[in-house]
S.K.: 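Shown below is the structure under consideration.
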Amino acid sequence: MSDTSSSPATQATPTEAARPVRTRYAPSPTGFPHIGNYRTALFEWLAARHSGGQFVLRVEDTDRKRLVPGSIEGIMEGLRWMGLTWDEGPDIGGPYGPYLQSERKPIYREYADQLVAQGDAYTCYCSEERLEQMRAGQIARKEPPGYDRRCRYLTPEERAAREAEGITPVVRFAAPLAGQTAYHDYLRGDLTFENRTIDDMILLKSDGLPTYNFANIIDDHLMDITHVIRGEEYISSAPRYAQVYRAFGWEEPTVIHVPLVLAPDRSKLAKRHGALPLLDYRDMGYLPEAICNFLLLLGWSYDDKTEFFTLDEMIRVFDDRRISVSPAIFDKSRLDWFNGVYIRKLSPEELTKRAMPFLLAGLPESARVSVNPAYASRVLALDQERLKTLADAPTLTSFFFVEQPEYDSALLLGKNMDAPQATETLRTLIPTLAGLAAWEPEAILAALDAYVVDHGFIRKKADGSEVPDRGPVFMLVRVGVSGRKETPGLPEMLTVLGKERTLSRLRAAQQTVEAVAGE
RNA sequence: GCCCCCAUCGUCUAGCGGCCUAGGACAUCACCCUUUCAAGGUGGAGAUCACGGGUUCGAAUCCCGUUGGGGGUACCA
C-alpha cells in the first residue's frame with residue numbers, strides 16, 4: 001500500500017440494496033455474553049431477517065488462553081432462548097464453513113502470506129518484553145504508544161539472522177505512514193483518521209492464529225457478510241480494517257457501529273462491573289419476550305408511542321437507520337416493568353408452564369410434595385399480576401403449598417381488633433364458612449359480607465356517612481389463612497385454597513388468638 | 001497524554017428549520033378504585049433541549065468552539 005491518502009469507501013449500501021443482507025454474530029468464547037452483547041446480536045439478527053437475508057453465527061476462538069469451556073454452548077443457548085435463530089453456524093454448518101475460527105487456521109496464514117508477498121505486511125521478531133519496554137518508554141515520554149516499526153525495515157540478512165535464532169515471528173500489517181484513512185460509518189458518515197496515529201497491527205500471532213482484527217476481516221469477506229454490525233468500541237479500529245480491505249482490493253461491507261450499553265455508573269457494561277450474563281436473567285425469572293423488547297428499545301426507536309413488539313413485529317418494522325449513535329444506560333427498573341407486562345400477558349397454561357420450574361426450585365422441600373399442576377396453575381393465576389419475575393412465584397405463593405403457614409400471633413391482631421375480639425370473630429365465623437354449600441368466590445364473599453354487616457363492622461367515610469367495613473374481618477381471615485398481610489383477593493384465594501385447608505387454618509388461628517387472649 | 005465517538009426530563013427516548021410555551025414510556029409523588037398487596041385509572045412534579053458563539057426572517061434541529069461523558073490506545077475480543 002502506498003503512503004498516500006486513501007479515499008473513503010462511500011458507497012450507498014443501505015439495507016434495501018439488491019444483494020441479500022448477511023449479518024453475523026461473532027462472539028468470542030471467553031465467557032458468557034451479557035445483555036449488551038446480545039443486543040448487538042438482536043440488531044444483527046433483525047437486520048438479516050428484515051430483509052430476508054441470513055444470520056450467521058461465527059465463533060471467534062482465536063485466543064486459546066482465555067477460552068472458557070462450555071461458553072460456546074452457553075452462547076448458543078442464550079441465542080436460542082431469545083429466539084434468535086441462525087442459518088449457518090458451528091453446530092449446523094453451512095456453505096461458508098467452518099464457523100469456528102480455530103478450524104480455519106490455514107486460511108488466515110494464506111492471506112497473511114499474500115499480504116507479505118505484496119509488501120503490505122511483514123514478519124516481526126520483537127519480543128513481548130521489548131514491546132512492553134518500548135511502550136513504557138513512550139508513555140514516560142508522553143508519546144502516543146504504538147509499535148515503533150523496527151522490524152518493518154529489516155534487511156533480508158537481518159531477517160534471516162532472526163529466523164536462524166529460531167524466533168517465531170508475528171505478522172504485522174504495514175500500515176500507510178502518512179496521509180489519512182477514511183471509512184464510511186453507516187450511521188455517522190465518513191470518519192477520517194490520521195495515518196500517523198495508526199500503528200502496524202498484528203495479523204498473525206506467534207502461535208500461528210490470527211488476531212481478532214485479522215480473522216474478522218478475512219471471514220467477513222469470505223463469508224460474504226454484507227453488514228458488519230458491532231459495538232462502538234471498534235470505531236477506532238475501523239480505519240485499520242479499511243486499510244486491510246483496500247490492501248486486498250476487497251469491497252468493504254456496510255459498517256454499523258451500535259452504541260455502547262452503559263452500566264448505571266456510565267461505564268461500559270462489563271462483567272467486571274457486575275454485568276450479568278444473559279442466561280442469569282433467564283434464571284432470575286425474566287421472560288425472553290421482555291428481554292428482547294427491552295433490548296430493542298435500548299439504542300433503537302420506532303416512534304413516540306409504540307412500546308410493545310413481538311419478534312415478528314420487530315422483524316417487520318426494524319430499520320437499521322434508526323439505530324441510535326449515543327450510548328444508553330441499562331435501566332433495570334424498565335426491564336422489570338417490561339417483564340411484569342409480559343408476565344401479565346401470559347395465558348394461564350403458559351404461565352404455569354413457565355413458572356412451574358421456579359416454583360419447584362424455590363419452594364421449601366416440605367411444600368413441594370403438594371405441588372400438583374392443576375392446583376399450582378390456579379394458584380399462579382391468582383398472583384399473576386403481582387409477579388415481577390417468575391422467580392417471585394415461590395415466595396409469593398408458598399403458603400398455598402405448605403401444610404400450615406407459620407407466623408407470629410401479633411400478625412393476626414390487626415390494629416382494629418384485639419385478641420378477645422379476634423377470638424370471638426373466628427369462633428363465630430368458622431361455622432358460618434363451614435356451612436357454606438358452594439365453595440366459590442361469590443358465595444364466600446356474600447357470607448363474609450353478611451358477617452361483617454351482622455356484627456356491626458362500620459366505617460365512617462369522609463363525608464360522615466357510615467358503610468360496612470370489611471377491613472378487620474377480611475384481614476383477620478387473610479392472615480389466619482396465609483400468615484401474611486399481602487395476598488391475592490380474599491374470596492378467590494379461599495376458593496383456590498379449598499374449604500378444608502381454609503377451615504383448618506382458621507381453627508389454628510383461633511387457637512393462637514385464644515392463647516393470646518388468655519394471657 | 002494522544003486518537004476517536006457522543007450530548008433532549010433521574011433513565012430509555014420522539015423530534016431530522018417554523019406543527020415545540022419540547023411529546024411518550026420507566027421510575028417518582030398525589031388522588032381514585034379497593035378487603036390487603038398488586039394491577040388499572042386520573043393528575044402532578046420533572047429538560048432554560050450541556051454551555052458559548054455563529055448561519056437564518058426563524059434552531060432542540062445546521063456550522064464552529066468550550067465543557068462534560070464514553071470508547072480506543074494488547075501476540076484480548
Side-chain angles (χ1 to χ4, degrees), chain A residues 26-31 37 60-63 65-66 124 126-128 131-132 135 138-139 141-147 168-172 185 188 191-194 196-199 201-213 215-216 230-239 257 259-260 262 264 266-268 294 297-307 324-338 340-341 344 383-388 396 414 445 448-449 452 469-479 482 484-491 493:
Chain A
S28 174
T30 52
N37 300 317
E60 314 226 324
D61 56 345
T62 55
D63 186 347
K65 290 189 284 287
R66 293 204 307 154
C124 169
C126 294
S127 67
E128 293 192 56
L131 259 21
E132 222 163 280
R135 250 191 304 275
Q138 287 166 333
I139 290 166
R141 275 172 270 124
K142 303 206 168 186
E143 292 168 14
Y147 181 55
T168 317
V170 303
V171 178
R172 282 186 187 271
D185 187 290
R188 283 161 256 260
L191 264 29
T192 306
F193 296 73
E194 294 294 332
R196 61 183 161 71
T197 65
I198 301 171
D199 71 348
M201 68 168 167
I202 292 175
L203 269 21
L204 244 39
K205 300 181 278 189
S206 53
D207 65 0
L209 280 164
T211 57
Y212 163 86
N213 297 318
N216 221 259
R230 59 161 99 98
E232 193 189 332
E233 66 266 35
Y234 293 102
I235 286 186
S236 14
S237 305
H257 286 113
L260 260 21
L262 267 26
R266 307 204 125 271
S267 68
K268 180 179 165 185
F294 168 74
L297 265 16
L298 202 67
W300 184 85
S301 61
Y302 181 60
D303 57 19
D304 61 346
K305 51 182 176 292
T306 316
E307 44 195 359
S324 158
V325 291
S326 51
I329 294 173
F330 175 86
D331 180 9
K332 186 171 173 295
S333 65
R334 191 169 157 82
L335 205 213
D336 286 344
W337 172 72
F338 268 118
V341 170
R344 273 171 249 131
D383 264 314
Q384 185 161 14
E385 64 194 20
R386 261 164 292 266
L387 292 171
K388 217 164 61 191
L396 242 35
L445 182 59
L448 251 20
D449 270 344
V452 165
D469 185 11
R470 288 166 162 171
V473 175
F474 276 56
M475 190 51 86
L476 180 67
V477 175
R478 163 172 295 111
V479 177
S482 69
R484 339 183 158 189
K485 294 194 144 162
E486 295 153 15
T487 72
L490 195 54
M493 176 168 82

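All values below come from the heavy atoms of this structure, side chains included, with hydrogens, waters and symmetry mates left out. All chains are named by letter (A, B, ...) in the order of the sequence lines, taking the proteins before the strands, and each is independently numbered beginning at 1.
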S.K.: Could you check whether A/Glu128 gets within reach of a base, just the sugar-phosphate, or nothing at all, counting any heavy atom under 4.0 Å?
M.R.: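 Base, at least one base atom sits under 4.0 Å.
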S.K.: Report yes if a side-chain nitrogen or oxygen of A/Lys65 is closer than 4.0 Å to either non-bridging phosphate oxygen (OP1 or OP2) of B/rC76; otherwise report no.
M.R.: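 It does, given that an N or O in the side chain of A/Lys65 lies less than 4.0 Å from OP1 or OP2 of B/rC76.
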S.K.: Let me spell it out: for each of A/Asp207 and A/Thr197, pick the nucleotide of RNA chain B with the closest heavy atom. Which residue's pick is nearer the 5' end?
M.R.: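 Nearest-nucleotide comparison on RNA chain B picks A/Thr197.
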S.K.: Base, sugar-phosphate, or nothing: which does A/Ser28 touch, judged by heavy atoms less than 4.0 Å apart?
M.R.: sugar-phosphate
S.K.: Given B/rA77, B/rC3, B/rU35, which nucleotide is nearest the side-chain atoms of A/Phe193?
M.R.: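 Nearest to the side chain of A/Phe193 among the choices is B/rC3.
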S.K.: Side chain of A/Ser206, backbone of A/Thr168: donor and acceptor closer than 3.5 Å?
M.R.: no
S.K.: Under a 3.5 Å cutoff, is there a donor and acceptor pairing between the side chains of A/Thr306 and A/Asp303?
M.R.: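 Yes, a side-chain donor-acceptor pair sits under 3.5 Å.
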S.K.: Say you pick atom P in B/rU42 and the same atom in B/rC26; how far apart are they, in whole Å?
M.R.: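 Pairwise P distance, B/rU42 against B/rC26, rounds to 12 Å.
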S.K.: If you check every side-chain atom of A/Lys268, which of B/rA77, B/rG71, B/rU13 has the closest atom?
M.R.: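 Shortest atom-to-atom distance from the side chain points to B/rG71.
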S.K.: Using a heavy-atom cut-off of 4.0 Å across all strands, would you classify A/Pro491 as base, sugar-phosphate, or nothing?
M.R.: base
S.K.: Could you give the NZ-to-P distance, from A/Lys332 to B/rC26, as a whole number of Å?
M.R.: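 Interatomic distance, NZ of A/Lys332 to P of B/rC26: 16 Å.
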S.K.: Taking the C1' atom of each, how far is B/rG43 from B/rU36, in whole Å?
M.R.: 25 Å
S.K.: Which of these nucleotides, B/rC6, B/rU35, B/rA14, is closest to any side-chain atom of A/Ser326?
M.R.: B/rC6
S.K.: Over all strands shown, is A/Arg135 touching base, sugar-phosphate only, or nothing at heavy-atom distances under 4.0 angstrom?
M.R.: sugar-phosphate
S.K.: Within the 4.0 Å heavy-atom criterion, would you say A/Thr62 contacts the bases, only the backbone, or no part of the nucleic acid?
M.R.: sugar-phosphate
S.K.: Could you work out which one of B/rG70, B/rC5, B/rC76 sits closest to the side chain of A/Leu191?
M.R.: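 That would be B/rC5.
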S.K.: Rounded to whole angstroms, how far apart are OH on A/Tyr302 and P on B/rG15?
M.R.: 12 Å
S.K.: For B/rA7, give its Watson-Crick or G-U wobble partner with both distances under 3.5 Å, or none.
M.R.: B/rU67
S.K.: With a 3.5 angstrom cut-off on both distances, give the Watson-Crick or G-U wobble partner of B/rC2, or none if there isn't one.
M.R.: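 Here B/rC2 is engaged in a pair, and the nucleotide opposite it is B/rG72.
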S.K.: Counting heavy atoms from C-beta on, name the nucleotide in B/rC76, B/rC6, B/rA25 closest to the side chain of A/Lys205.
M.R.: B/rC76
S.K.: Quick one: do the A/His257 and A/Arg230 side chains pair a donor with an acceptor below 3.5 Å?
M.R.: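 Yes, side-chain donor-acceptor contact under 3.5 Å.
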S.K.: Using 4.0 Å as the upper bound for N to carboxylate O, is an ion pair formed by A/Asp331 and A/Arg334?
M.R.: no
S.K.: Which nucleotide wins on minimum distance to the side chain of A/Ile235, given the candidates B/rC4, B/rA77, B/rG71?
M.R.: B/rC4
S.K.: Output the rounded distance in Å from CD (A/Gln138) to C1' (B/rU73).
M.R.: 11 Å
S.K.: Mind checking who B/rA39 pairs with, Watson-Crick or G-U wobble, both distances under 3.5 Å?
M.R.: none
S.K.: Considering just the side-chain nitrogens and oxygens of A/Ser333, establish if one lies under 4.0 Å of OP1 or OP2 belonging to B/rC26.
M.R.: no
S.K.: For the C1' atoms, the ones on B/rA22 and on B/rC9, what distance do you get once it is rounded to whole angstrom?
M.R.: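 Comparing C1' positions in B/rA22 and B/rC9 gives a spacing of 10 Å.
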S.K.: By nearest atom, which of the nucleotides B/rC75, B/rA77, B/rC37 is closest to the A/Glu486 side chain?
M.R.: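 Given the options B/rC75, B/rA77, B/rC37, the side chain of A/Glu486 is closest to B/rC37.
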S.K.: Roughly how far apart, to the nearest Å, are B/rC2 and B/rC51 at atom C1'?
M.R.: 25 Å
S.K.: Would you mind reading off the distance between A/Glu233 atom CD and B/rG71 atom C1', rounded to a whole angstrom?
M.R.: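 Those two atoms, CD and C1', are 8 Å apart.
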S.K.: Rounding to an integer number of angstrom, what distance separates B/rU48 and B/rC3 when you compare their P atoms?
M.R.: 32 Å
S.K.: In whole Å, what separates the P atom of B/rC49 from that of B/rC37?
M.R.: 41 Å
S.K.: For a quick test of reading the model: is some side-chain N or O of A/Arg344 closer than 4.0 Å to OP1 or OP2 of B/rG40?
M.R.: yes
S.K.: Reckon A/Gly231 touches a base, only the sugar-phosphate, or nothing at all at heavy-atom distances under 4.0 Å?
M.R.: nothing
S.K.: Compare the minimum distances between each of B/rC26, B/rU13, B/rC76 and the side chain of A/Ala328, then state the nucleotide with the smallest one.
M.R.: B/rU13
S.K.: Would you say that more than 12 heavy atoms from the other residues, nucleotides or ligands in this model lie under 6.0 Å from the CZ of A/Arg196, or not?
M.R.: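 Count not over threshold, so no.
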S.K.: CD1 of A/Ile329 versus P of B/rG71: gap in Å, rounded?
M.R.: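 The answer, rounded to whole Å, is 12 Å.
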S.K.: Rounded to whole Å, how long is the line connecting atom CD of A/Glu307 with atom P of B/rG24?
M.R.: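 Rounded to the whole Å, the gap is 12 Å.
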S.K.: Would you indicate which nucleotide in B/rC26, B/rC2, B/rU36 comes nearest to any side-chain atom of A/Asp331?
M.R.: B/rC26
S.K.: Across the strands shown, which category fits A/Tyr234 at heavy-atom distances under 4.0 angstrom: base, sugar-phosphate, nothing?
M.R.: base
S.K.: Between A/Arg470 and A/Val341, which is nearer to the 5' end of RNA chain B once each is assigned its nearest nucleotide?
M.R.: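 Here A/Arg470 is the residue nearer the 5' end.
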S.K.: Does A/Arg484 come within less than 4.0 Å of A/Glu486, counting only side-chain N to carboxylate O?
M.R.: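 Looking at A/Glu486 together with A/Arg484, the answer is no, because their closest N to O distance does not fall below 4.0 Å.
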S.K.: Need one value for A/Val325: base, sugar-phosphate or nothing, where a base atom within 4.0 Å counts as base even if backbone is also close, heavy atoms only.
M.R.: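 Sugar-phosphate, no base atom in range.
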S.K.: Just checking A/Leu297: base, sugar-phosphate only, or nothing, at a heavy-atom cut-off of under 4.0 Å?
M.R.: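 Answer is sugar-phosphate: A/Leu297 comes under 4.0 Å of backbone atoms only.
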S.K.: Heavy atoms under 4.0 Å, any strand shown: does A/Lys142 hit a base, just sugar-phosphate, or nothing?
M.R.: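 Sugar-phosphate: the residue A/Lys142, judged by heavy atoms under 4.0 Å, touches backbone atoms but no base.
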S.K.: Roughly how far apart, to the nearest Å, are B/rA27 and B/rG15 at atom P?
M.R.: 23 Å
S.K.: Select base, sugar-phosphate, or nothing to describe what A/Arg66 touches, counting heavy atoms under 4.0 Å on all strands.
M.R.: base
S.K.: Touch check for A/Pro145, heavy atoms < 4.0 angstrom, all strands: base, sugar-phosphate only, or nothing?
M.R.: base
S.K.: Find the distance A/Asp449:CG to B/rU35:C1' and express it as a whole number of Å.
M.R.: 9 Å
S.K.: A/Gln138 side chain to A/Gly146 main-chain N or O, any donor-acceptor pair under 3.5 Å?
M.R.: yes
S.K.: Output the rounded distance in Å from CZ (A/Phe330) to P (B/rU13).
M.R.: 13 Å
S.K.: Just compare B/rC5, B/rG71, B/rA74 and give me whichever is closest to any side-chain atom of A/Glu232.
M.R.: B/rC5
S.K.: More than 12 foreign heavy atoms under 6.0 Å from OH of A/Tyr147: is that the case here?
M.R.: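 Enclosed: over 12 neighbouring heavy atoms sit under 6.0 Å from OH of A/Tyr147.
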S.K.: Under 4.0 Å between any heavy atoms, over every strand shown, what does A/Pro239 touch: base, sugar-phosphate, or nothing? Just pick one.
M.R.: nothing
S.K.: Considering every strand shown, what is the Watson-Crick or G-U wobble mate of B/rU28 when both distances are under 3.5 Å?
M.R.: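 Check on B/rU28: paired to B/rG44, both distances under 3.5 Å.
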S.K.: Taking the side chain from A/Lys205 and the backbone from A/Thr62, do they hold a donor-acceptor pair closer than 3.5 Å?
M.R.: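 A pair under 3.5 Å: yes.
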S.K.: Can you tell me how far C1' in B/rG71 sits from the matching atom in B/rC75, rounded to whole Å?
M.R.: 22 Å
